[in-house]
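All heavy atoms count here, side chains included; hydrogens, waters and symmetry mates do not. What you see is a predicted model, and the numbers here were worked out from it, not measured in a lab. Throughout, protein chains are lettered first and strands after them, A, B, ... in sequence-line order, and every chain is numbered starting at 1.
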Protein chains: 2
Amino acid sequence: MSQLNLPKGRRLTRQRQVILAELRKVHSHPNAFEVYELVKKKIPRISLGTVYRNLGFLKSHGHIQALSCDCCDCEHFDGQTDHNEHFTCKLCQRVYDLKGPLTKKICLGSQDGHQIDDYQVNLIGICHQCLKKKKSSLARKSGLTGKR
Amino acid sequence: MSQLNLPKGRRLTRQRQVILAELRKVHSHPNAFEVYELVKKKIPRISLGTVYRNLGFLKSHGHIQALSCDCCDCEHFDGQTDHNEHFTCKLCQRVYDLKGPLTKKICLGSQDGHQIDDYQVNLIGICHQCLKKKKSSLARKSGLTGKR
DNA sequence: CTAGGTGCAAATCATTTGCCGGGGC
DNA sequence: GCCCCGGCAAATGATTTGCACCTAG
């Protein structure tokens with residue numbers, strides 16, 4: 001794992017290492033409880049409070065970022081901090097990173113007199129997996145009943 | 001107020017009318033409790049539970065929209081449903097609507113194989129009011145102490 | 001009469017916090 | 001020795017829900 005620069009006196013404890021490693025490993029964007037479950041496999045006695053505390057710690061030092069989607073009631077975390085653009089499926093509620101250059105036109109600087117330091121884009125729709133499912137179920141249905 | 005089309009049997013009660021009217025009137029993006037306080041001036045005996053219920057109702061029928069910013073722990077509401085682009089000040093935590101055309105390059109359609117129906121953009125930074133305050137306090141400070 | 005709506009209070013759920021013992025430097 | 005840290009459990013705060021009554025159609 002890359003060496004992180006931490007303020008003097010603060011340590012990258014085993015708990016923090018594991019949380020960070022798990023977040024960097026997975027491509028889903030787990031919420032705090034899911035992180036807790038992942039980390040518990042490595043550190044069975046870790047507590048949920050510690051996970052919350054350390055997610056906050058890692059976030060405040062810029063090592064991870066939090067995503068708030070409005071489809072669910074809790075915060076999701078991303079081990080990468082350079083992903084500002086996400087896609088949320090309104091059917092399965094999975095959160096994807098966007099790969100395409102679609103939103104690259106947004107530039108930091110100023111806007112309406114405000115100083116823009118950062119941005120988050122969230123696209124909402126139906127993901128390719130759910131689209132596939134939907135199509136095949138439609139095809140099945142029309143195949144059975146036909147057009148009358 | 002414009003007539004809303006509601007599913008059969010559902011009514012636009014006085015409580016809902018007032019909530020909607022207040023949300024359309026204000027330009028801040030109040031959270032549920034702030035809506036409650038606004039509405040209580042008109043309907044003193046309304047309960048917070050009713051406000052939540054009706055915000056959910058209005059949202060699910062597309063008359064208002066919810067914004068989740070990550071700077072605070074609660075949901076904010078917008079009486080307009082065509083505002084997808086917001087700016088959050090990280091100092092005062094106010095939420096502004098964006099007027100400029102900055103993010104217009106985002107287009108609905110498809111992206112990475114997903115079907116995009118909607119989007120939300122949130123820019124984060126320091127708003128013009130806070131910038132002004134910051135500048136004048138800096139000026140004051142350097143004026144008093146000078147450069148040494 | 002029936003379904004939908006409301007006020008109220010209790011419940012729920014995510015997240016935060018206080019406390020205390022333990023370990024690193 | 002001091003400070004940071006983690007586990008645990010209790011507290012907090014936003015939101016939801018169950019219930020009993022009310023009202024429009």
Just verifying a value: how many Å separate B:Asn31 CG and B:Leu67 CG, rounded to the nearest 0.5 Å? 11.0 Å

Are A:Leu38 and A:Tyr52 connected into the same hydrophobic cluster when the rule is that any two of I, L, V, M, F, W, Y join if their side-chain heavy atoms are below 4.5 Å apart? no

By nearest heavy atom, map B:Gly9 and B:Val51 onto DNA chain C; which one lands nearer the 5' end? B:Gly9

Are B:Val18 and B:Lys40 close enough that some pair of their side-chain heavy atoms sits under 4.5 Å apart? no

Can you measure B:Leu55 atom CG to D:dT16 atom C1' for me and round it to whole angstrom units? 13 Å

Ranking B:Phe77 and A:Arg11 by the position along DNA chain D of their nearest nucleotide, the one closer to 5' is A:Arg11

Do A:Arg53 and D:dG7 have a side chain to base donor-acceptor pair shorter than 3.5 Å? yes

Are any of the side-chain nitrogens in A:Glu22 or A:Lys25 under 4.0 Å away from the carboxylate oxygens of its partner? yes

Does B:His61 have more than 12 heavy atoms from other residues, nucleotides or ligands lying within 6.0 Å of its NE2? yes

Would you call B:Lys59 and B:Glu75 a salt bridge, using N to O less than 4.0 angstrom? yes

Please give me every residue in residues 39-50 of chain B whose heavy atoms get under 4.0 Å of an atom in DNA chain C, ordered by residue number. B:Arg45, B:Ile46, B:Ser47, B:Thr50

Measure the CG-CD1 distance between A:Leu58 and A:Ile64 for me, rounded to the nearest 0.5 Å. 5.0 Å

Expected list for residues 25-35 of chain A near DNA chain D, using heavy atoms below 4.0 Å, is none

Mind calculating the distance between OH (A:Tyr52) and P (D:dG6) to the nearest angstrom? 17 Å

Side chains of A:Lys132 and A:Cys130 in contact at under 4.5 Å (non-hydrogen atoms): no

Could you give the distance from OG (A:Ser28) to CD (A:Glu34), rounded to the nearest 0.5 Å? 6.5 Å

May I have the distance from B:Glu75 (atom CD) to D:dT15 (atom P), rounded to whole angstrom? 6 Å

Which part of the nucleic acid, if any, lies within contact of B:Arg10, taking any heavy atom under 4.0 Å across all strands shown: a base, the sugar-phosphate backbone alone, or nothing? sugar-phosphate

Note, B:Arg16 side chain near B:Phe57 side chain (heavy atom, < 4.5 Å): yes

Measure the spacing between OH of B:Tyr36 and CG of B:Asn54 and express it to the nearest 0.5 Å. 13.5 Å

On DNA chain C, which is the earliest and which the latest nucleotide, 5' to 3', with an atom closer than 4.0 Å to a heavy atom of chain A? C:dA14 to C:dG24

B:His76 atom NE2 is separated from D:dA14 atom C1', nearest whole Å, by 12 Å

